Amino acid sequence: MQAMLALEDGTIFTGEAFGSTGERWGEVVFNTGMTGYQEVLTDPSYCGQIVVMTYPLIGNYGIMKEDFESKRSFVRGFVVREECRQPSNWRLAETIDSFLKKENVIGLSGIDTRALTRHLRSFGTMRGVISTATNDVQALVERAKNCPQLTGQELVPTVATTKSYTFPGPGRRVALIDFGAKQNIIRCLQERDCEVVVAPYNITAQEVMSLHPAGVVLSNGPGDPTDVPYAIKTARELVGHVPILGICLGHQILGLAMGCKTYKMKFGHRGANHPVKDLITGRVYISSHNHGFSVDEESMRGLDVIVSHRNLNDGTVEGLKHKFLPVFSVQYHPEASPGPKDSEYIFDQFMDMMTGKEA
């Protein structure tokens, strides 16, 4: 079956459909990871997006249920150069085609993903429509032009929990505020003996403190951080009362809570090969990213906040640290494993903060 991807600027890519059928719209973005397509498909931060994988062969090790980052997929479309129909893996549960069918995600294969990626790098991420329902190019382009912008949509409630639940542990209690948290954040905290209370996205600071946490983690999630003002308010009221770690969207929310500003990037960072320098230690880490917004460094002037990490590709802010309080954040994903686990020291620093060893 034929499928088409139409971008709002009139660019068309035609290939072969796999997965589900129908029509979806979303923000078209690209991911440069050579592996990890399953983690991409189940990462709530991709909610509302049509994801293009730059690595040409996708699906060669299939889908394994134990590797999910959430209970389901939130992407709206998945674009690859070549879909592997005969995966090989001793843990294989199903093919990527079968998974996308069940998750109602439209796949598009057989297009020049390198050309599409270069187009997005040149002109920025843009709205698009992926469809198996029509061959009317002009109609698809018009629909892409008229799609809502992701900025201004409140995507977090779509992916986050509305009720608290707990993962028991013998150590300190951590409140993880869920804006679309990846499961591996919970695993990393459990590996450090934490009791993890996963709290709703709209929890208040007073409700957080009533849990008596030793520390608070602001999770990753989708969309524009300015679209969740209640989360910014909660973070602002928590600063100075409890150690805080922000990750990805949580990093941006924490930055806004401390007086910084954020902006939408041209095409964002999505992949598992971004070099980030820890400015405090001087070490460079290969890190996993998924974000389209960044903290504006100029807006930090005069605030009690410093840049702790920097992206070595484009110089953007990758981490913040309060000058006096046990509050810090990273833009990348320390729970992901591209290094494979060298970035998990962020969780060790958070543990030290909760025990008073580091401020």
Side-chain angles (χ1 to χ4, degrees), residues 1-9 11-31 33 36-54 58-59 63 68-81 83 96-109 111 113 116-117 119-120 124-134 139-160 179-180 182 220-224 227 249 264 267-268 270-271 290-293:
M1 182 184 297
Q2 179 178 287
M4 300 179 71
L5 173 65
L7 304 181
E8 62 180 288
D9 67 352
T11 305
I12 297 289
F13 290 87
T14 302
E16 185 176 348
F18 68 104
S20 188
T21 58
E23 191 169 294
R24 310 282 186 277
W25 66 272
E27 181 183 52
V28 185
V29 301
F30 63 88
N31 183 291
Y37 56 82
Q38 179 175 319
E39 288 83 351
V40 169
L41 285 168
T42 57
D43 181 350
S45 297
Y46 283 104
C47 179
Q49 296 178 326
I50 297 170
V51 181
V52 181
M53 300 300 293
T54 63
I58 299 296
I63 298 291
F68 285 9
E69 287 291 355
S70 64
K71 293 181 180 179
R72 51 163 290 211
S73 178
F74 293 96
V75 304
R76 293 183 180 169
F78 196 58
V79 182
V80 303
R81 177 69 182 91
E83 169 226 351
I96 194 169
D97 176 63
S98 170
F99 174 74
L100 293 186
K101 279 186 171 70
K102 291 194 303 186
E103 295 296 317
N104 203 25
V105 176
I106 301 174
L108 170 63
S109 68
I111 73 159
T113 50
L116 175 52
T117 298
H119 189 77
L120 296 174
T125 56
M126 58 185 76
R127 295 166 295 176
V129 173
I130 188 168
S131 177
T132 64
T134 181
L140 287 179
V141 171
E142 286 302 313
R143 283 202 275 279
K145 289 180 180 178
N146 293 319
C147 288
Q149 296 282 359
L150 284 192
T151 296
Q153 295 188 55
E154 197 177 349
L155 297 173
V156 166
T158 305
V159 302
F179 304 119
K182 292 170 65 179
N220 63 291
D224 186 337
D227 289 339
L249 179 66
K264 185 172 175 58
F267 50 80
R270 297 172 183 89
N290 174 16
H291 63 103
F293 292 83

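In this text, all values refer to a predicted model and were calculated from it rather than measured experimentally.
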Please find the pair of heavy atoms, one from Leu155 and one from Pro222, that lie closest to each other, and give the distance.
CB-CG, 3.8 Å
Give a yes or no on whether the backbone of Asn104 and the side-chain of Arg24 come within a donor-acceptor separation of less than 3.5 Å.
yes
Ignoring hydrogens and angles, tell me if any N or O in the side chain of Thr54 forms a donor-acceptor pair with the backbone of Asn31 under 3.5 Å.
yes
With no hydrogens and no angle check, is any side-chain donor or acceptor of Asn290 less than 3.5 Å from a backbone partner on Arg270?
no
Looking at CG of Leu116 and CG of Leu5, how far apart are the two atoms once the value is rounded to the nearest 0.5 Å?
6.0 Å
From CA spacing to verdict: side-chain contact (heavy atoms from CB on, under 4.5 Å), Phe18, Thr132:
CA-CA 10 Å; Phe18 68 104; Thr132 64; over 6 Å; no
Test side-chain contact (heavy atoms from CB on, under 4.5 Å) on His119 and Asp9; report intermediate values, then the result.
CA-CA 11 Å; His119 189 77; Asp9 67 352; 2.6 Å; yes
If we ignore hydrogens and angles and just use 3.5 Å, is the side chain of Asp97 paired with the main-chain N or O of Gly19 as donor and acceptor?
yes
What closest approach, in Å, do Trp25 and Arg76 show between heavy atoms, and which atom pair accounts for it?
O-CD, 2.9 Å
Okay, side chain of Asp224, backbone of Leu150: is any donor-acceptor separation there less than 3.5 Å?
no
Who passes side-chain contact (heavy atoms from CB on, under 4.5 Å) against Glu23, sequence neighbours left out?
Val129, Ser131, Ala133, Thr134, Leu140, Arg143
Side-chain heavy atoms of Thr158 within contact of Cys47, under 4.5 Å
yes
Would a distance-only check, ignoring hydrogens and angles, find a side-chain to backbone donor-acceptor pair under 3.5 Å from Asp43 to Glu69?
no
Residue pair Thr117 / Val52, side-chain heavy-atom distance below 4.5 Å:
yes
What's the separation between atom OG1 in Thr14 and atom CD1 in Ile111, rounded to the nearest 0.5 Å?
9.0 Å
Does the pair Ile12 and Met4 meet the rule for a side-chain contact (heavy atoms from CB on, under 4.5 Å), with working shown?
CA-CA 7 Å; Ile12 297 289; Met4 300 179 71; 3.5 Å; yes
What are the two closest heavy atoms between Phe267 and Thr125, and how far apart are they?
CA-CG2, 3.7 Å
Between Thr113 and Met53, is any pair of side-chain heavy atoms under 4.5 Å apart?
no
Taking all non-hydrogen atoms of both residues, which atom of Glu103 and which atom of Ser73 are closest, and how far apart?
OE1-N, 2.9 Å
Could you check whether any side-chain heavy atom of Val28 comes within less than 4.5 Å of a side-chain heavy atom of Leu120, counting everything from C-beta outward?
yes
Identify the heavy atoms of Gly152 and Asp227 that sit nearest to each other, and give their distance.
N-OD2, 2.9 Å
Minimum heavy-atom separation for Gly107 and Ala3, please, with both atom names.
O-CB, 4.4 Å
Can you find a pair of side-chain heavy atoms, one from Leu108 and one from Phe78, that are under 4.5 Å apart?
no
Run the ring pair (Phe, Tyr, Trp, His ring centres under 6.0 Å) test on Phe99 and Phe68 for me, step by step, so that the C-alpha distance in whole Å, both residues' side-chain angles and the decisive distance to 0.1 Å come before the verdict.
CA-CA 12 Å; Phe99 174 74; Phe68 285 9; 5.5 Å; yes
Donor-acceptor check, side chain of Thr42 to backbone of Gln38, threshold 3.5 angstrom: yes or no?
yes
Taking the side chain as every heavy atom from C-beta outward, state whether Val40 and Tyr46 have any atom pair closer than 4.5 Å.
yes
Side-chain contact, heavy-atom cut-off 4.5 Å: Ile96 with Ile58?
yes
Got Val156 and Leu249 here, is their nearest side-chain heavy-atom distance under 4.5 Å?
yes
Test of understanding: with salt bridge (Lys or Arg N to Asp or Glu O under 4.0 Å), list the residues that count as partners of Glu8, not counting sequence neighbours.
Arg127
According to side-chain contact (heavy atoms from CB on, under 4.5 Å), who are the partners of Glu142, at least two apart in sequence or on a separate chain?
Gln138, Lys145, Asn146
What do the steps show when you test Leu41 against Leu100 for side-chain contact (heavy atoms from CB on, under 4.5 Å), and what is the final call?
CA-CA 9 Å; Leu41 285 168; Leu100 293 186; 3.9 Å; yes
Compute whether any side-chain donor of one residue and acceptor of the other, for Ser45 and His291, lie under 3.5 angstrom apart.
no
